[in-house]
Amino acid sequence: VCATILEEDGPGVYYDTAFLIAPTGEVVGKYRKVHPGGSMSLEKLYFRGGSRFPIWRVKDVRVGAIICYDHFFPEAARMAALNGAELVVGPFAAPGEALPWEAIMVTRAFENGVYMAPCNKVGREGDWTFGGASMVVSPRGEVLARASADREEVLLVNIDRAEVNAARRRFPMMRDRRPDAYAALGSPDEV
């Protein structure tokens with residue numbers, strides 16, 4: 001289970017944090033959302049952004065997490081993959097408006113050779129209607145399962161770690177990366 005909470009790290013210091021809970025009930029790790037905010041969110045007023053992309057072992061699978069708005073930054077899923085993730089889980093609270101939801105998840109899975117498992121909230125809460133459509137995407141960018149957009153569902157999908165290696169051999173973007181050519185990505189905005 002991957003679930004988010006408001007984490008208080010000290011007086012007035014808050015993070016949007018995902019905890020990963022193993023089948024045994026043990027908390028195996030936490031991830032602090034790196035990109036609080038979004039165009040219609042007040043998150044930036046309340047939350048600090050995290051700065052790490054930890055990976056945890058659950059049974060034999062290396063699992064990473066990114067939260068909601070993080071998915072719109074290709075670097076977030078890439079950092080999880082570079083840190084060893086084979087499966088990236090993603091708690092989400094996206095509205096039901098027209099977002100390129102599936103295209104983003106398929107792209108993140110394919111470009112990183114990982115399974116993506118975004119879990120989006122569904123139903124109404126106050127003035128908001130959430131979009132549902134949680135899914136599991138293979139490392140080759142194939143949607144393996146998709147939940148409803150308007151009711152709660154549980155998806156049970158068997159994943160095969162060998163598919164991660166096979167996808168990365170067939171489409172070797174991880175091998176062919178050129179970090180030396182991307183220095184501008186790591187530079188401050190005001191240079």
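The model shown is predicted, which means the values in this text are computed figures rather than measured ones. These numbers come from the heavy atoms of this one structure, side chains and all, not from hydrogens, waters or symmetry mates. The residues of the chain are indexed from 1 along the displayed sequence.
Checked by atom type and distance alone, the side chain of R32 never pairs as donor or acceptor with a backbone atom of Y14 at under 3.5 Å. Using modelled atom types, no side-chain atom of N112 and backbone atom of A81 make a donor-acceptor pair closer than 3.5 Å. The closest donor-acceptor contact from the side chain of E86 to the backbone of R62 lies under 3.5 Å. Panel note: side chain D160, backbone A162; a donor-acceptor pair is recorded below 3.5 Å. A donor-acceptor contact shorter than 3.5 Å is absent between the side chain of E43 and the backbone of P36. A donor-acceptor contact shorter than 3.5 Å links the side chain of W101 to the backbone of A133. Between the side chain of D70 and the main chain of H35, a donor-acceptor pair closer than 3.5 Å is present.
Annotation for A65 and C2: closest pair CB-SG, 4.4 Å, computed over non-hydrogen atoms. Taking all atoms of both residues into account, the shortest heavy-atom contact from V88 to A85 is CG2-CB, 4.0 Å. Taking both residues in full, the closest heavy atoms of V34 and F53 are given as CG2-CZ, 3.5 Å, listed atom of the first, atom of the second, then distance. Of all heavy-atom pairs between K59 and P23, the closest is CE-CG, 4.0 Å. The minimum heavy-atom distance linking E8 with P11 is given by the pair OE2-CA, 4.0 Å.
Taking the charged nitrogens against the carboxylate oxygens, R78 and E111 have no contact shorter than 4.0 Å, which rules out a salt bridge.
Heavy atoms from other residues, nucleotides or ligands lying under 6.0 Å from CZ of R52 number 12 at most. Under a cut-off of 6.0 angstrom, the local environment of OH in Y46 is sparse, with at most 12 non-hydrogen atoms contributed by other residues, nucleotides or ligands. Heavy-atom neighbours of R140 CZ from other residues, nucleotides or ligands within 6.0 Å: above the threshold of 12. Counting heavy-atom neighbours within 6.0 Å of E142 CD, excluding the residue itself, gives a total above 12. No more than 12 heavy-atom neighbours from other residues, nucleotides or ligands sit within 6.0 angstrom of CG on N158.
Contact check for F92 versus H71: side-chain heavy atoms found under the 4.5 Å cut-off.
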